[in-house]
Number of protein chains: 2
Amino acid sequence: MSLRYALLGIISKKPVSGYEVVSIFKEQVVYFWNSTHSQIYTELHKLEKEELLEHELIIQNSLPNKKIYTITELGKKELINWILNHSVKPAKIKDEFLIKAAAFDILTIDEIITLLDEVIAREERILSMTKEWKEHFTKETSKQNLGAIITSEYGIRYAEMYVNWCKWVKEFISSNPPV
Amino acid sequence: MSLRYALLGIISKKPVSGYEVVSIFKEQVVYFWNSTHSQIYTELHKLEKEELLEHELIIQNSLPNKKIYTITELGKKELINWILNHSVKPAKIKDEFLIKAAAFDILTIDEIITLLDEVIAREERILSMTKEWKEHFTKETSKQNLGAIITSEYGIRYAEMYVNWCKWVKEFISSNPPV
DNA sequence: TGCGCCATGTAAATTGTTACATGATTTA
DNA sequence: TAAATCATGTAACAATTTACATGGCGCA
């Protein structure tokens with residue numbers, strides 16, 4: 001149900017195609033919302049039926065045709081109304097690694113260290129990518145990228161927190177080894 | 001699909017009823033996995049059919065009867081196998097507030113501040129609760145609560161990161177006000 | 001010649017949420 | 001006397017993921 005507002009928010013900044021929305025999701029939105037192209041295209045159709053979006057078909061010669069979506073006045077009203085009046089719940093997280101961490105009691109120290117090191121490497125990769133993104137947004141000082149700057153800052157802080165927590169766990173288990 | 005491993009992990013520490021599993025989810029697991037009682041009871045039935053769990057019915061006089069679940073040898077093998085061999089993906093997050101943050105461009109400073117202050121208050125409440133939980137687990141120095149200690153530490157760090165990010169956004173928008 | 005990018009969609013399967021259903025005991 | 005706790009389940013609905021489906025262009 002909130003996916004629609006993520007889409008409206010993206011399209012409110014500038015008209016984009018469904019394909020571009022999908023790539024914005026992969027690059028910028030992953031840090032706080034997950035979705036796939038199949039869900040996004042379907043939701044875009046629904047939003048258009050409800051007249052919150054409209055599209056213009058762009059005929060391309062060498063590339064496939066595309067639909068450029070624009071937010072309607074009604075869509076903008078709906079978006080602002082949701083932002084101001086819908087009270088949000090805490091984030092819903094699904095983190096497989098933390099499920100493993102919760103069961104570290106049954107592993108050996110070496111097994112735990114191996115798992116932690118993999119995740120540290122992964123999060124450090126994500127961290128450096130996110131830093132590049134933030135720099136990119138910060139350079140273009142347009143009024144319309146406040147959202148991108150603050151959410152990428154969130155992504156950076158999240159990844160840093162994750163890495164530091166992993167390192168803390170490594171220290172913790174060396175002074176409090178499991179069975 | 002990963003829910004089952006969260007359940008196996010919980011029950012591997014000590015035999016518990018479905019009801020207790022649900023309350024452990026609410027208290028300790030919220031920080032990294034979300035589920036509801038209806039899904040948990042259903043999954044428990046499946047795990048039993050697959051012989052990864054078994055239960056003993058406890059007849060109670062003044063309270064409703066309950067089923068105490070125990071992990072089987074097969075269940076333990078499955079759990080350890082998943083932990084060691086299934087490569088995990090980064091967390092999937094659904095954070096409605098970040099969807100709002102991504103669209104802060106279209107709000108006034110006052111509106112943004114109001115939204116941020118609500119979330120700061122919420123996360124500070126969660127933070128103090130989580131700190132109490134961690135203290136609680138740290139006091140009982142059993143070998144079987146390593147998981148609870150490190151995941152509650154994660155919860156603390158996550159909430160602290162969230163609050164600090166919100167405060168950073170407040171500062172950021174006062175020096176870079178939106179339209 | 002195979003892969004990735006561009007570009008859009010539908011169908012099937014799985015997961016997850018909300019509502020329905022019951023009911024005694026304890027606590028405020 | 002109303003709400004919370006204990007205790008378990010199913011049904012209906014909504015959301016999400018994975019697979020199916022197509023196809024040209026550019027690059028290595």
Side-chain angles (χ1 to χ4, degrees), chain A residues 1-7 10-11 15-27 29-30 32-50 53 55-69 88-96 99, chain B residues 1-7 10-11 15-27 29-30 32-50 53-69 86 88-96 99:
Chain A
M1 208 63 240
S2 310
L3 172 63
R4 61 195 307 110
Y5 300 105
L7 301 179
I10 289 166
I11 298 167
V16 279
S17 67
Y19 189 84
E20 284 173 282
V21 172
V22 173
S23 71
I24 291 169
F25 255 78
K26 283 190 209 156
E27 291 157 358
V29 182
V30 245
F32 57 92
W33 205 270
N34 280 80
S35 197
T36 52
H37 84 274
S38 77
Q39 203 183 1
I40 290 169
Y41 282 117
T42 307
E43 193 66 36
L44 251 19
H45 296 323
K46 280 190 204 164
L47 289 169
E48 197 167 23
K49 224 175 230 167
E50 296 174 40
L53 290 180
H55 84 264
E56 193 198 347
L57 184 67
I58 306 291
I59 311 288
Q60 298 188 118
N61 43 349
S62 62
L63 287 169
N65 297 339
K66 60 181 174 180
K67 294 180 180 175
I68 300 296
Y69 287 93
V88 296
K89 281 166 207 156
K92 285 189 183 175
I93 299 173
K94 302 248 155 158
D95 191 331
E96 293 183 322
I99 292 179
Chain B
M1 208 63 241
S2 309
L3 172 64
R4 62 196 305 113
Y5 299 104
L7 301 179
I10 289 166
I11 298 166
V16 279
S17 67
Y19 188 85
E20 284 173 281
V21 172
V22 172
S23 72
I24 290 170
F25 254 79
K26 283 190 209 155
E27 292 157 358
V29 182
V30 246
F32 57 92
W33 205 271
N34 279 80
S35 197
T36 53
H37 84 274
S38 77
Q39 203 183 3
I40 290 169
Y41 282 116
T42 308
E43 193 65 36
L44 251 18
H45 295 324
K46 281 190 204 164
L47 290 168
E48 198 167 22
K49 225 174 230 167
E50 297 174 38
L53 291 179
E54 51 192 22
H55 84 263
E56 192 198 349
L57 184 67
I58 307 291
I59 311 288
Q60 297 187 118
N61 43 350
S62 63
L63 288 169
N65 297 339
K66 61 180 175 180
K67 294 180 179 175
I68 301 295
Y69 287 93
H86 172 260
V88 296
K89 282 166 207 155
K92 286 191 183 172
I93 299 173
K94 303 247 154 158
D95 192 332
E96 294 184 322
I99 292 180

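Residue numbers start from 1 in every chain, and the chains themselves are labelled A, B, ... in the order their sequence lines are given, proteins ahead of strands. Worth knowing before you read on, the calculation uses all heavy atoms, side chains too, and leaves out hydrogens, waters and symmetry mates.
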For H55(B), give me all partners under side chain to side chain donor-acceptor pair (under 3.5 Å), at least two apart in sequence or on another chain. E48(B)
Starting from [atom2] on [N], measure out to [atom1] on [X] and report it in whole angstrom.
X: I40(A); N: dA15(D); atom1: CD1; atom2: C1'; value: 14 Å
X: N61(A); N: dG23(D); atom1: CG; atom2: P; value: 19 Å
X: M1(B); N: dT18(D); atom1: CE; atom2: C1'; value: 15 Å
X: K26(B); N: dA4(D); atom1: NZ; atom2: P; value: 12 Å
X: L57(B); N: dC6(D); atom1: CG; atom2: C1'; value: 15 Å
X: E96(A); N: dT17(D); atom1: CD; atom2: P; value: 12 Å
X: R4(A); N: dT16(D); atom1: CZ; atom2: P; value: 12 Å
X: L44(A); N: dA7(C); atom1: CG; atom2: P; value: 15 Å

Angle between the end axes of the helix from dT1(C)-dA28(D) to dA28(C)-dT1(D), five pairs per end, to the nearest 10 degrees? 50°
Can you name the ring-ring contact (aromatic ring centres under 6.0 Å, His included) partners of H45(A), sequence neighbours left out? none
Results of ring-ring contact (aromatic ring centres under 6.0 Å, His included) for Y5(A) - residues two or more places apart only: W82(A)
Would you please name every residue forming a salt bridge (Lys or Arg N to Asp or Glu O under 4.0 Å) with E50(A), sequence neighbours left out? R4(A)
Residues at least two apart in sequence or cross-chain that pass side chain to side chain contact (heavy atoms under 4.5 Å, CB included) with L63(B), listed by chain then number, are Q60(B)
Contacts of K26(B) that satisfy side chain to side chain contact (heavy atoms under 4.5 Å, CB included) - sequence neighbours left out: V22(B)
Only pairs under 3.5 Å count here: list side-chain donor-acceptor contacts from residues 88-95 of chain B, not counting sequence neighbours, and write none if there are none.
| unit_1 | atom_1 | unit_2 | atom_2 | d |
| --- | --- | --- | --- | --- |
| D95(B) | OD1 | F97(B) | N | 3.0 |
| D95(B) | OD1 | L98(B) | N | 3.4 |
| D95(B) | OD1 | Y162(B) | OH | 3.2 |
| D95(B) | OD2 | Y162(B) | OH | 2.7 |

Strictly below 4.0 Å: does K94(B) bring a side-chain N or O up to OP1 or OP2 of dG16(C)? no
Output one line per pair: protein atom, nucleotide atom from nucleotides 7-11 of chain D, and distance, for all N/O pairs under 3.5 Å.
| unit_1 | atom_1 | unit_2 | atom_2 | d |
| --- | --- | --- | --- | --- |
| dA7(D) | OP1 | Q60(B) | OE1 | 3.3 |
| dA7(D) | OP1 | Q60(B) | NE2 | 2.6 |
| dT8(D) | OP1 | K67(B) | N | 2.8 |
| dT8(D) | OP2 | Y19(B) | N | 2.6 |
| dT8(D) | OP2 | Y41(B) | OH | 3.1 |
| dG9(D) | OP1 | K67(B) | NZ | 2.2 |
| dG9(D) | O5' | H45(B) | NE2 | 3.3 |
| dG9(D) | O6 | H37(B) | NE2 | 2.9 |

For S17(B), is there any backbone N or O sitting under 3.5 Å from a side-chain donor or acceptor partner on E20(B)? yes
